[in-house]
Amino acid sequence: MKTTRKIKKILSAKATMEGAGVRLKRVFGNPEMPLFDPFLLMDDFHSDHPDDYMAGFPMHPHRGIETITYVLQGSVAHRDSMGNKGVINRGDIQWMTAGSGIVHEEMPQISKPGLWGFQLWSNLPASHKMMPPRYQEVPEASIPTVSPKEGVNIKVICGEVAGVKGPVQEIITNPEYLDISIQAGTTFDISVPGGHTVFTYVIEGEAVFGDSASVFVPKEQVILFEDGDTVRITTHDAAVRFLLVSGKPIGEPVAWHGPIVMNTDDEIKTALREYQNGTFIK
Ligand code: CO
């Protein structure tokens, strides 16, 4: 028998400042660890005031994690110390596996409608923390949309829905990253992998998640679910748009220093020393 996941926790995104002075909302982060394992952090950048975002994220290192950037409005220019560069445009996603190390900058571009995007950090297990860095850059045009039910549209970025696979593949924690829109007056059950961590983040509208006793969840709230096989979403008068993310928990010790996340303090010290003496990039 299929079990519908119950809500474990609901959190509101909190205003904070990051990078060289970017005002953003932190959906979850260090204080919530290890609740969202394998995920470490998620930020929501949403502003039509250039002063809130133009300072950007100048050159900084990452090691031991993946950063997943999804842009809904505006664009983010990206450049790394190995000469890779590009622009993440509206609708595009960049799945960056920092692995053994990347030093990069991420600079939101000033644009008329403003900036709206998300960055998720996914941890890597000890076996893959020092893997070679790689990028999966996915333009909006190559993200398939499936409609498993009338009134339900799902952009499959990573994972598989109704036999359709997303373009981001071969990720260690076997994650799903879905952008789901459901019109008003609809109930939809989506299958999710049992045993995996699952959360949803409402970005527009509102819906009831989980069993019928649950409350309406509005935008800028994240829901972490208990274990089970499906997530039930019910809309009433309003439509909803939300991200659904799942991944296999890693269950290892976490040593976290800013943008570097390893298993032990010694590994953090090594990373910082290498960054100082110029041997960080492998
Ligand atoms: Co970064």
Side-chain angles (χ1 to χ4, degrees), residues 10-32 36 39-62 65-80 85-96 98 102 104-122 135 137-141 143 155 157 177-182 199-207 216-224 238-245 258-259:
I10 304 180
L11 298 168
S12 296
K14 291 186 191 71
T16 186
M17 186 101 82
E18 268 296 353
V22 177
R23 278 174 223 280
L24 53 84
K25 287 196 166 156
R26 176 132 310 153
V27 179
F28 61 87
N30 197 307
E32 282 70 50
F36 289 81
F39 306 105
L40 296 163
L41 172 153
M42 185 164 153
D43 285 338
D44 179 349
F45 313 84
H46 196 176
S47 174
D48 47 15
H49 302 292
D51 286 349
D52 287 344
Y53 60 81
M54 60 194 266
F57 302 86
M59 283 293 173
H60 58 277
H62 287 288
I65 62 168
E66 303 185 282
T67 67
I68 298 111
T69 308
Y70 184 32
V71 174
L72 295 187
Q73 218 167 69
S75 62
V76 178
H78 169 264
R79 187 163 71 91
D80 76 19
K85 61 178 183 177
V87 178
I88 311 168
N89 286 305
R90 180 197 162 106
D92 300 349
I93 195 148
Q94 182 204 60
W95 201 295
M96 184 187 89
I102 276 175
H104 75 163
E105 66 171 25
E106 301 156 286
M107 305 302 283
Q109 305 296 289
I110 295 172
S111 69
K112 192 83 182 147
L115 176 72
W116 191 13
F118 310 96
Q119 188 167 82
L120 174 70
W121 290 13
S122 186
Y135 293 92
E137 316 250 11
V138 181
E140 183 179 24
I143 300 172
K155 285 185 174 199
I157 293 161
Y177 195 121
L178 310 173
D179 176 351
I180 304 180
S181 298
I182 301 179
F199 72 86
T200 56
Y201 182 63
V202 177
I203 58 179
E204 283 174 324
E206 61 176 18
F216 276 99
V217 176
K219 69 176 182 177
E220 296 182 354
Q221 295 210 343
V222 64
I223 306 169
L224 180 69
V240 71
R241 183 177 180 188
F242 61 98
L243 305 177
L244 185 149
V245 179

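If you're wondering where the values come from, they're calculated on a predicted model, not measured in any experiment.
Remark: H104 engages H60, H62, H78 in a ring pair (Phe, Tyr, Trp, His ring centres under 6.0 Å) (not counting sequence neighbours). Residues passing the salt bridge (charged side-chain N to carboxylate O under 4.0 Å, His left out) test with E105, sequence neighbours excluded: R79. Not counting sequence neighbours, E206 has no partner by the side chain to side chain donor-acceptor pair (under 3.5 Å) test. Contacts of R90 classified as side chain to side chain contact (heavy atoms under 4.5 Å, CB included), with partners at least two apart in sequence or in another chain: none. Residues satisfying the side chain to side chain contact (heavy atoms under 4.5 Å, CB included) criterion with K25, sequence neighbours excluded, are A13, D44, E220. The side chain to side chain contact (heavy atoms under 4.5 Å, CB included) search around P113 returns Q73, S111, not counting sequence neighbours. Every ring pair (Phe, Tyr, Trp, His ring centres under 6.0 Å) that F36 has, sequence neighbours left out, goes to F28, F199. For D48, the side chain to side chain contact (heavy atoms under 4.5 Å, CB included) criterion is met by no residue, not counting sequence neighbours. In this structure, Y53 has no ring pair (Phe, Tyr, Trp, His ring centres under 6.0 Å) partners at least two apart in sequence or on a different chain. Remark: T69 engages Q119 in a side chain to side chain donor-acceptor pair (under 3.5 Å) (not counting sequence neighbours).
The two atoms that bring F242 and V202 nearest to each other are CB-CA, 3.8 Å, heavy atoms only.
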Which pairs of donor and acceptor atoms, one on a side chain in residues 14-24, lie under 3.5 Å apart (sequence neighbours left out)?
residue, atom, partner, partner atom, Å
E18, OE2, R26, NH2, 3.3
R23, NE, D52, OD1, 3.2

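Side-chain contact between V138 and I157: absent, with no pair of heavy atoms (C-beta onward) separated by less than 4.5 Å. At least one side-chain heavy atom of L72 sits less than 4.5 Å from a side-chain heavy atom of I203.
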